[in-house]
Amino acid sequence: MNYFRVKEDNSSIYTGRIEGRHKWGLPGIRNCPACKASWGTDTRAYPSVDLSPVAALADFEEPRAEPIEEYERLCELVRTLLPPGARLQPGATLGPLVGRAQGRFGPLVAPSSWALLVQREALEKLQAEGLLGLKGCGTQLRFRQRNAPELLELELLPVGQLHPECLPPNRKPPCSRCGRRGLTRPDDMLLDASTLPGHLDAFRLEDFSTVIVCTERFVEACRRLGLDGVVFQPLPIA
Ligand SMILES: [Zn+2]
């Protein structure tokens, strides 16, 4: 099986723009006691999660940095609400994408390199093709225009890693407390075949969560069905 990176299409005929963020999120962390880093990133999102049952127990709305103990307490509060296969990290976002949208959207929409939205009709066609693990989650986007499309966000689980061969040989293991890797994504990515999931046709990399990956099956289905709006860049495997 061949794999591809899914990216925004900068040469696209579609003019659609989205400004928004997910309804809830975990804070970043300040001064990890193990690695001393302060960090957080919103590149892992679980849009299917409804935090309403625990929303009153802590602040899940204000983006901020907290001591790691508070971050870990919040992780425990949300853990039972997560989809199977979810992995948290400081700054992870939860719940629907909320914001504004305007312009013309293609069947597939990548508002950033780490998010992938699909119009409902397109998602139903892809699911009918038998693609695996495509979960579309409702968004709360306010459109400026009439005849607004219904955009669903794909819930992309973090699985799969880059091959050690494309990473610096002197890298350290991830921080045992906060999980930080502190690596810059290499320009020439090589996927590690032994880490790739057999049950998902679209996912994000676990070690570089800005990278959305799909299978050749996914690309072929999009081509056959004429679903455009993003570009697919081949990723070598070792
Ligand atoms: Zn750490």
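Read the numbers this way: they start at 1 and go in the same order the structure lists the ligands and their atoms.
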Undergrad: Partners of Glu72 by side chain to side chain contact (heavy atoms under 4.5 Å, CB included), sequence neighbours excluded?
TA: Ile68, Arg177
Undergrad: With 2.8 Å as the threshold, which protein atoms of type N, O or S lie near the Zn ion (ligand 1)? Leave waters out.
TA: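 Short answer, with waters excluded from the count: Cys32 SG, Cys35 SG, Cys175 SG, Cys178 SG.
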Undergrad: Let me see the working for Glu70 and Arg73 under salt bridge (charged side-chain N to carboxylate O under 4.0 Å, His left out), right down to the final yes or no.
TA: CA-CA 5 Å; Glu70 174 66 0; Arg73 183 180 81 88; 3.0 Å; yes
Undergrad: Closest approach of Arg204 and Thr43, non-hydrogen atoms and distance?
TA: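 Of all heavy-atom pairs spanning Arg204 and Thr43, the closest is NH1-O, 2.9 Å.
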Undergrad: Without hydrogens or angle criteria, can the side chains of Asp42 and Thr93 be said to hold a donor-acceptor pair below 3.5 Å?
TA: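 Checked: Asp42/Thr93 side chains show no N/O donor-acceptor pair below 3.5 Å.
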Undergrad: For Glu61, give me all partners under side-chain hydrogen bond (donor to acceptor under 3.5 Å, both in side chains), at least two apart in sequence or on another chain.
TA: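 Here no residue qualifies.
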Undergrad: Taking only residues two or more places apart in sequence or in another chain, which ones pass side chain to side chain contact (heavy atoms under 4.5 Å, CB included) with Asp9?
TA: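 With neighbours one apart ignored, the set is Ser11, Ser12, Val231.
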